[in-house]
Amino acid sequence: MPLDGLRKHLALRCLFTVGLTGAALGLRLFLTRWTGAGAPFLLLFLSVVVSSFLWGARPGLLAGIMATPIAILLTYDQAIYTRAQALAQGILFLIEISVIAAVADRFSKAKSRAERNELALRKALDERLIFSALIEYSSDFVGIADKSGVLTYVNPAGRKMIGLAPDFPIEKTQIPEYYPPEQRAFAKEVILKSIMETGYWKGETSFRHWQTERPIPVSDTHFMIRDPETKRLIGRATITRDISEIKRVENELRTRETELKEAQRVAHVGSWVRDAKGDVLFWSEELYRIYGRDPNVSVVGFSGLPKIYTPESMARLAPALNEILKNGTPYAMDLEVVRPDGSTRWVSTRAEAVRDAAGRIVGFRGILQDITELKQLQRMRDEWTSVIAHDLRQPIGVIKMCVGLLQRTHACGGNEKAQISCTRINAAASTLSRMVNDLLDVSQLEAHRLSLDQKWVDPALIVHETVDRLAHLTRGFRVNIVEENELFPIFADPVRIEQVLGNLVSNAAKYGDKGSEILVQLEQRADHLEISITNHGAGISTEELPRIFNLFSRSVMARGAGVPGLGLGLYISKGLVEAHGGRIWVESTPGKTTSFRFTLPCRLIPSLKVA
């Protein structure tokens, strides 16, 4: 309770107590001849009055009821009153305290109502101050109009937004004047009509700038102001937000989206996003065109992928999807698409994991490009390469056969210069034959015609035999073969595995420092075998590592050293390892060591054609 109200309340209680006491004294003097002087009851009466007005009607009434029989007994036993007088004093006392309790109760209730009204008034004043401050310092346009639509108030931010000076007489303006001329009819026929009919209107429109007359995009809200109790109409109000920046960003985003769609259409590139369950969250328009799907039909989840890709493509895509969802490993591969009309297209796709703030994988996203025409050109190139390589085999064979014949004849054997020439011709023919074989392997890899003759083999035996066969290349190096743990058999094509090992060991000898170690390690993992070939030398730069397995790719060091080759060995090795269900990678520290590592599964898997 406020201090002024408390003082008034105590003063009223004191005056009321004195007045009642005086009235009671007068009544008792008038009744003295029938009841006696009544001094003891007078003392109790004062205590009841004080209790009632200080602590409430109930405590005062309870005190009076408890004191009445005690006072009657005391006064009667001391012969102050006769029995009739004592009873009359008690009855009179009960009547008095009942009246006092009733008056005190009414006084207490009146006081409580006054306190509640005062609190409500103070709260309303505080809320009004807060509301006024909110309006005054709001960054939005806040306007209030009377019942006829004439403006009575516009906050400072609103005046600034539309270019009105602080002293501009808004009392002479009406609501439609705040809209551009071309929208005033809309303001009258739609906005004001809706306010009158429903008491509310909200939407996006434009205000006019009173200085420049330019339209200002706004989010506009109008509503009626009514008395909460009587529902009497007091006026109208509007809260309007400038959304110029939002509209600018939206227009820019629409422009960029249009440009992106056009770029995707021209480049035949689509994009997509999936969640961790495989549900499609987004497909770009170009992706629908590439797949030949209707944009109005829901796209498929994981279970529908076999309807989009060929079985061979799904055999390669499924493990990649499991890996990206499990470990976040990105993938990039070429796949063959089957469209609803039965036609096929080739696409190149890349995907990466999407993680939340905690680093958890919540989905993945990627891009997909139509490379059908490129694939057709590649197929023509591969077929041409295959034909040329096949045709070259015959003359190379003839050359090697003739050289061998010359070396065995007496004339060649007796002439040292002729013998040297025959050796050089034979070596050149062997190099040319190896290049032709590499070209044939590349053409088979690119044309998806490479098949494997797999069987269970001992990996250690293959490694030892390959190293022994390449002893003439590793002369001058210390070749160490280390077998860690017990090695399981692998289901592989031994000829192709020897080809991979041969490429990697010969590379280690070509680019390693003479007299250094070439380390070949075989390590048994849980479900696969890992083989690594490590040499000491110049190494491979960080910039070249991502391209080292590309077709016709050769490092700067290899080109600078004058080492012959077409850059096919590592590309073929990668294709052969992946055909076995394994993977191959390289780790290099420039100036120190380079390690080529590849894995082979130690389980039975079906033979796959390489894509």
I'd like to know if K261 pairs up with E285 as an ion pair, taking the criterion as any Lys NZ or Arg NE/NH1/NH2 lying under 4.0 Å from an Asp or Glu carboxylate oxygen.
yes
Side chains of E483 and H464 only: does a donor on one sit below 3.5 Å from an acceptor on the other?
yes
Check: D493 side chain, L452 main-chain N or O, donor-acceptor pair, under 3.5 Å
no
Report the C-alpha distance between D275 and V362 in whole Å, list the side-chain angles of each, state the deciding distance to 0.1 Å, and finish with yes or no for side-chain contact (heavy atoms from CB on, under 4.5 Å).
CA-CA 6 Å; D275 62 17; V362 296; over 6 Å; no
Pairs meeting criterion side-chain hydrogen bond (donor to acceptor under 3.5 Å, both in side chains) with involvement of residues 350-367, two or more places apart:
E352-R365, D356-R360
N480 and I518, any side-chain heavy atoms less than 4.5 Å apart
no
Is a donor from one side chain sitting under 3.5 angstrom from an acceptor on the other, for Q524 and E486?
no
Distance alone, cut at 3.5 Å: any donor-acceptor contact between the side chains of S573 and N503?
yes
If you apply the rule salt bridge (Lys or Arg N to Asp or Glu O under 4.0 Å), what do you find for K375 with E373, and how did you get there?
CA-CA 5 Å; K375 278 289 183 179; E373 287 73 19; over 6 Å; no
Could you check whether T329 and N327, counting side-chain N and O atoms only, form a donor-acceptor pair closer than 3.5 Å?
no
Are the side chains of S348 and D334 in contact, using a 4.5 Å heavy-atom criterion?
yes
Please determine if R256 and E259 form a salt bridge, counting it only when a charged side-chain N lies under 4.0 Å from a carboxylate O.
no
Any side-chain heavy atom of W346 sitting closer than 4.5 Å to one from V337?
no
Could you please spell out the steps behind the side-chain contact (heavy atoms from CB on, under 4.5 Å) verdict for I162 and F141?
CA-CA 9 Å; I162 62 175; F141 178 101; 3.7 Å; yes
Below 4.5 Å, heavy atoms only, C-beta onward: do V586 and L545 meet side chain to side chain?
yes
Distance (rounded to the nearest 0.5 Å) between I308 CD1 and R339 CZ:
12.0 Å
Output the distance between atom CD (E323) and atom OH (Y331), rounded to the nearest 0.5 Å.
12.5 Å
Determine which pairs satisfy side-chain hydrogen bond (donor to acceptor under 3.5 Å, both in side chains) with at least one residue from residues 584-602, sequence neighbours left out, and list them in order.
E530-R597, T534-S595, W585-E587, E587-R597, S588-T594
All side chain to side chain contact (heavy atoms under 4.5 Å, CB included) counterparts of E245, not counting sequence neighbours
R248, V249
F364 and A351 have their tightest heavy-atom pair at CD1-CB, 4.4 Å
Quick one: are the ring centres of W272 and Y291 less than 6.0 Å apart?
no
Answer yes or no: are there more than 12 heavy-atom neighbours, outside R241 itself, under 6.0 Å from its atom CZ?
no
What is the minimum heavy-atom distance between M333 and L317, and which atoms define it?
SD-CA, 4.0 Å
In this structure, CD1 of I497 is separated from CD of E465 (nearest 0.5 Å) by 13.5 Å
CZ (R254) with more than 12 external heavy atoms under 6.0 Å:
yes
Counting C-beta onward and ignoring hydrogens, is there a side-chain heavy-atom pair between H580 and R496 closer than 4.5 Å?
yes
Using a strict threshold of under 4.0 Å (side-chain N to carboxylate O), is an ion pair present between D370 and R289?
no
Hey, are the side chains of V467 and I481 touching, using non-hydrogen atoms and a 4.5 Å cut-off?
yes
Side-chain (T344) to main-chain (E336) donor-acceptor, under 3.5 angstrom:
no
Are any side-chain N or O atoms of H268 and backbone N or O atoms of V347, one a donor and one an acceptor, separated by less than 3.5 Å?
no
Measure the NE2-CD1 distance between H209 and I216 for me, rounded to the nearest 0.5 Å.
5.5 Å
Nearest heavy-atom approach of I361 to A353 is CG2-CB, 4.3 Å
Distance-only polar pair, side chains of T255 and E252, donor-acceptor under 3.5 Å
no
State whether E204 and K247 are salt-bridged, where the test is any N-O pair (Lys NZ or Arg NE/NH1/NH2 against Asp/Glu carboxylate O) under 4.0 Å.
yes
Atom of I490, atom of P459 and distance for their closest heavy-atom approach
CD1-CB, 4.1 Å
Do the charged groups of E312 and R316 touch, with an N to O distance under 4.0 Å?
no
Student check: side-chain heavy atoms of R583 and E578 closer than 4.5 Å:
no
Calculate, to the nearest 0.5 Å, the distance between atoms CH2 and OG belonging to W283 and S271 respectively.
11.5 Å
Identify the heavy atoms of W456 and P489 that sit nearest to each other, and give their distance.
CZ3-O, 3.8 Å
Gap separating the OG1 atom of T466 from the CG atom of L504, nearest 0.5 angstrom:
10.5 Å
Mind checking whether S516 and F477 have side chains closer than 4.5 Å, heavy atoms only?
yes
Looking only at heavy atoms, what is the nearest atom pair of S284 and G270, with distance?
OG-CA, 3.3 Å
Verdict with supporting geometry, F598 and L529, side-chain contact (heavy atoms from CB on, under 4.5 Å)
CA-CA 8 Å; F598 67 95; L529 173 72; over 6 Å; no
Walk me through whether L570 and I548 qualify under side-chain contact (heavy atoms from CB on, under 4.5 Å).
CA-CA 7 Å; L570 292 179; I548 198 67; 3.6 Å; yes
